[in-house]
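Single-structure report; data block below.
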Amino acid sequence: MGDESNEFHREVVRPKVTKLLSPNPTDYILDIACGNGNYSSYLAQKGASIVAFDYSKKMIELAEKRQSK
C-alpha cells in the first residue's frame, strides 16, 4: 500500500471510516490488526492518540518503519 495507501483505501475506505470515527485530538484509538500502520498513521495526523498492534511480526516492522520517517 505504500506511504500514501492505495486508491481504493484512499477513496473508499478511509473517508467512510474516518467519518464514522470523527477523530480529534481528545481521542485515544486502539487499532487492532493495524497491518503496516498506514491508517493508524493517518489517524495520528488527524490528532488522535493511537495504540496499534498486529499479529504479524512483519507488519509491525513495517508500521515501526513508517513511524520512524
Side-chain angles (χ1 to χ4, degrees):
M1 288 186 44
D3 289 336
E4 298 300 320
S5 192
N6 63 32
E7 184 178 3
F8 176 77
H9 196 266
R10 281 191 315 270
E11 303 298 324
V12 178
V13 175
R14 189 180 279 182
K16 296 296 183 183
V17 175
T18 303
K19 183 177 179 180
L20 177 69
L21 292 175
S22 300
N24 67 66
T26 63
D27 287 339
Y28 196 81
I29 297 173
L30 175 63
D31 186 354
I32 300 169
C34 67
N36 68 7
N38 189 290
Y39 191 61
S40 294
S41 178
Y42 175 78
L43 289 172
Q45 291 172 14
K46 296 290 185 186
S49 296
I50 309 294
V51 171
F53 68 94
D54 197 283
Y55 180 77
S56 169
K57 183 177 180 178
K58 180 65 177 176
M59 290 293 112
I60 293 299
E61 289 171 359
L62 291 170
E64 288 174 340
K65 184 178 177 182
R66 178 178 312 289
Q67 291 309 307
S68 67
K69 290 182 178 183

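Computed from a prediction, not measured in an experiment: that's the story for all the values here.
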Straight-line distance of [X] [atom1] to [Y] [atom2], nearest 0.5 Å:
| X | Y | atom1 | atom2 | result |
| --- | --- | --- | --- | --- |
| Leu43 | Ser49 | CG | OG | 11.0 Å |
| Asn36 | Lys58 | CG | NZ | 11.0 Å |
| Glu11 | Asn6 | CD | CG | 10.0 Å |
| Gln45 | Ile50 | CD | CD1 | 10.5 Å |

Short question: side chain of Asp54, backbone of Gly35 - any donor-acceptor pair under 3.5 Å? yes

Just by distance, do the side chain of Asp27 and the backbone of Ile29 share a donor-acceptor pair under 3.5 Å? no

Got a list of side-chain donor-acceptor pairs under 3.5 Å for residues 16-24, not counting sequence neighbours?
from  : atom 1 : to    : atom 2 : distance (Å)
Thr18 : OG1    : Arg14 : O      : 2.6
Thr18 : OG1    : Tyr39 : OH     : 2.8
Ser22 : OG     : Lys19 : O      : 3.0
Asn24 : OD1    : Thr26 : N      : 2.8
Asn24 : OD1    : Thr26 : OG1    : 2.4

With heavy-atom distances below 4.5 Å as the criterion, would you say the side chains of Tyr55 and Ile60 are in contact? no

